[in-house]
Student: 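Pasting in a structure now, in structure tokens, and then I'll have a few things to ask.
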Amino acid sequence: MADAPDGESPVDITGQPPGPDTHAESALTVAVAFGANLLIAIAKTGAAVVTASASMLAEAAHSWADTGNEVFLIIAQRRAAKAADADHPFGYGREVYVWSLFAAIGLFAVGAGVSITHGISELADPEPASDFGVAYAVLAVAFVLEAISFRQATRQARQGAATQHQDLLDHVLATSDPTVRAVFFEDAAALVGVVVAAAGIGLHQVTGSPVPDAVGSILVGILLGVVAVVLIDRNRRFLVGQVVDPQVRAAAVRSLLSFTEVERVTMLRLEFVGARQVYLTGAVDLAGNMTETDTARVLASLERRLARSPAVVGATLTLSLPEDPAQ
């Protein structure tokens, strides 16, 4: 990863040319999701009051949970963007996983918990619904708004997947940006939830029985619970310490070997410390025979040059042992 010549785009530690402003793109994705979910939550709440539908109430709880989650994600982005200081020399990047974890827990507690609890309550003490046309109209509008938000999340995810040469779903699960993953899965679950709710309300209208409506509420809750568990697990992994995938690691080894001072790389670890941010530790064998002072200066220079990559917040390099195998 030698310095780029003047006028030439730099290459980051992943070996990929930098794409569009991903931080701004993530902010846009969250903003679109927040606006859509807030409008949908208000509409669904009104429809739930008018229709007394269990599925509609579950959908209202779902949308309010999603709206609250977007607030957590906005906080996550703002706190993670704080500059490094003496107390946090590698920055505040991991804040994004903390607040995204809160959002996922909220989705589980509010979205899944309320939907399942109300569905079970309706099965035990059913209440007939009415004004089905209002429910269908609100669900139709909700589907359109959720589709717009989902399209934005998918567009951003596809850009990242193309850069990393991954399938869309694999990239969404593996990406170090939890806001992309959260919005993508929440919007996908919202679209499925609207269909489930419409089916439950339709069967309620056709059969006259509130049971399908109540079952629809429970199914929406189960769907939200599954999504929440997936999001909680992914954020937990990044908080504990998630290393990059082998493809990115191999590109980083090649980048290190591109330095004329580096003869071998015998150890390399890249650990995520934030969305698209890693800390690099490695052991290298330097070319030539240098004094102790010269060796220290070369290693320090390499660390500084590595840290110029937009993806690297810091680097620590040591000397390899002669018997260590090359990577």
Student: Can you measure from NE2 (H171) to CZ (R181) and round to the nearest 0.5 angstrom?
Tutor: 9.0 Å
Student: Whether the side chain of D245 engages the backbone of Q247 through a donor-acceptor N/O pair (distance < 3.5 Å, no angle test) should be reported.
Tutor: yes
Student: Hey, quick one: are L319 and V265 part of the same hydrophobic cluster, counting side-chain heavy atoms closer than 4.5 Å, chains of contacts allowed?
Tutor: yes
Student: When rounded to the nearest 0.5 angstrom, what is the spacing between OG in S217 and CD in E59?
Tutor: 9.0 Å
Student: What are the two closest heavy atoms between R264 and P325, and how far apart are they?
Tutor: NH1-C, 4.1 Å
Student: Between CZ of F102 and CD1 of I105, what distance do you get to the nearest 0.5 Å?
Tutor: 7.0 Å
Student: Could you list the donor-acceptor pairs under 3.5 angstrom formed by side chains in residues 293-303, with sequence neighbours left out?
Tutor:
unit_1, atom_1, unit_2, atom_2, d
D294, OD2, T291, OG1, 3.2
T295, OG1, T291, O, 2.9
E303, OE2, L317, N, 2.8

Student: Considering all heavy atoms of both residues, which atom of A103 and which atom of N69 are nearest to each other, and what is their separation?
Tutor: O-OD1, 2.8 Å
Student: Sequence neighbours left out, cut at 3.5 Å: what donor-acceptor pairs do the side chains of residues 221-233 make with other protein atoms?
Tutor:
unit_1, atom_1, unit_2, atom_2, d
D233, OD1, R236, NH2, 2.8
D233, OD2, R237, NE, 3.0

Student: Report yes if the side chains of F184 and L168 come closer than 4.5 Å at any heavy-atom pair, otherwise no.
Tutor: yes
Student: Does R155 have any salt bridge (Lys or Arg N to Asp or Glu O under 4.0 Å) partners at least two apart in sequence or in another chain, and if so, which?
Tutor: E25
Student: What I'd like to find out is whether the side chain of L73 reaches to under 4.5 Å of the side chain of E70, using heavy atoms alone.
Tutor: yes
Student: Out of curiosity, does L270 fall in the hydrophobic cluster containing V273 (side-chain heavy atoms, cut-off under 4.5 Å, transitive links)?
Tutor: no
Student: Between L257 and E263, what is the shortest heavy-atom contact and its length?
Tutor: CD2-O, 3.9 Å
Student: Side-chain donor-acceptor pair under 3.5 Å between S55 and D213, yes or no?
Tutor: yes
Student: Would you compute the distance between atom CZ of F150 and atom CZ of F143 and round it to the nearest 0.5 angstrom?
Tutor: 10.0 Å
Student: Is there a path of hydrophobic side-chain contacts, each under 4.5 Å between heavy atoms, that joins V253 and L256?
Tutor: yes
Student: Could you check if a side-chain atom of N37 sits within less than 4.5 angstrom of a side-chain atom of S149, using non-hydrogen atoms only?
Tutor: no
Student: Using every non-hydrogen atom in the two residues, find where A157 and V172 come nearest and quote the distance to one decimal.
Tutor: CB-CG2, 3.8 Å
Student: List for me each residue that meets ring-ring contact (aromatic ring centres under 6.0 Å, His included) alongside F185, sequence neighbours excluded, and say none if there are none.
Tutor: none
Student: Taking the side chain as every heavy atom from C-beta outward, state whether L57 and T51 have any pair of such atoms under 4.5 Å apart.
Tutor: no
Student: I need the N235 CG to Q242 CD distance, nearest 0.5 Å.
Tutor: 11.0 Å
Student: Restricting to non-hydrogen atoms, name the atom on R276 and the atom on S176 that form the minimum distance, rounded to 0.1 Å.
Tutor: N-OG, 2.7 Å
Student: Can you tell me which residue pairs pass the side-chain hydrogen bond (donor to acceptor under 3.5 Å, both in side chains) test with a partner in residues 87-96, sequence neighbours excluded?
Tutor: R79-E95, D85-Y92, H88-Y92, R94-E271, E95-W99
Student: Identify, with sequence neighbours excluded, every residue that meets ring-ring contact (aromatic ring centres under 6.0 Å, His included) alongside F132.
Tutor: H204
Student: State which residues pass side-chain contact (heavy atoms from CB on, under 4.5 Å) with T281; sequence neighbours excluded, sorted by chain then number.
Tutor: R269, Y279, T316
Student: Going by side-chain hydrogen bond (donor to acceptor under 3.5 Å, both in side chains), name the pairs with one or both residues in residues 222-231, residues two or more places apart or in two chains.
Tutor: none
Student: Does one hydrophobic cluster hold both V110 and F72, with members joined at side-chain heavy-atom distances below 4.5 Å?
Tutor: no
Student: Between G91 and A84, which heavy-atom pair has the shortest distance, and what is it?
Tutor: N-CB, 3.6 Å
Student: Output the distance between atom OG1 (T175) and atom CD (Q156), rounded to the nearest 0.5 Å.
Tutor: 8.0 Å
Student: Answer with yes or no whether the hydrophobic clustering places L268 together with V248; edges join I, L, V, M, F, W, Y residues whose side-chain heavy atoms lie under 4.5 Å apart.
Tutor: yes
Student: Could you give all pairs that pass the ring pair (Phe, Tyr, Trp, His ring centres under 6.0 Å) test and reach residues 27-47, with sequence neighbours left out?
Tutor: none
Student: Quick check: do L306 and F259 have side-chain heavy atoms less than 4.5 Å from each other?
Tutor: yes
Student: Is there side-chain contact between M267 and D324, with at least one heavy-atom pair below 4.5 Å?
Tutor: no
Student: Would you tabulate the side-chain donor-acceptor contacts of residues 112-120 under 3.5 Å, counting partners in other chains and residues two or more places apart, or write 'none'?
Tutor:
unit_1, atom_1, unit_2, atom_2, d
S115, OG, A58, O, 3.4
S115, OG, G111, O, 2.7
T117, OG1, G113, O, 2.7

Student: Report the residues that fulfil side-chain contact (heavy atoms from CB on, under 4.5 Å) with I42, sequence neighbours left out, ordered by chain and then residue number.
Tutor: L38, W64
Student: Taking ring-ring contact (aromatic ring centres under 6.0 Å, His included) as the test, write out the residues that go with F238, two or more places apart.
Tutor: Y97, F272
Student: Is I201 close to L139 at the side-chain level, that is, under 4.5 Å between some pair of heavy atoms?
Tutor: yes
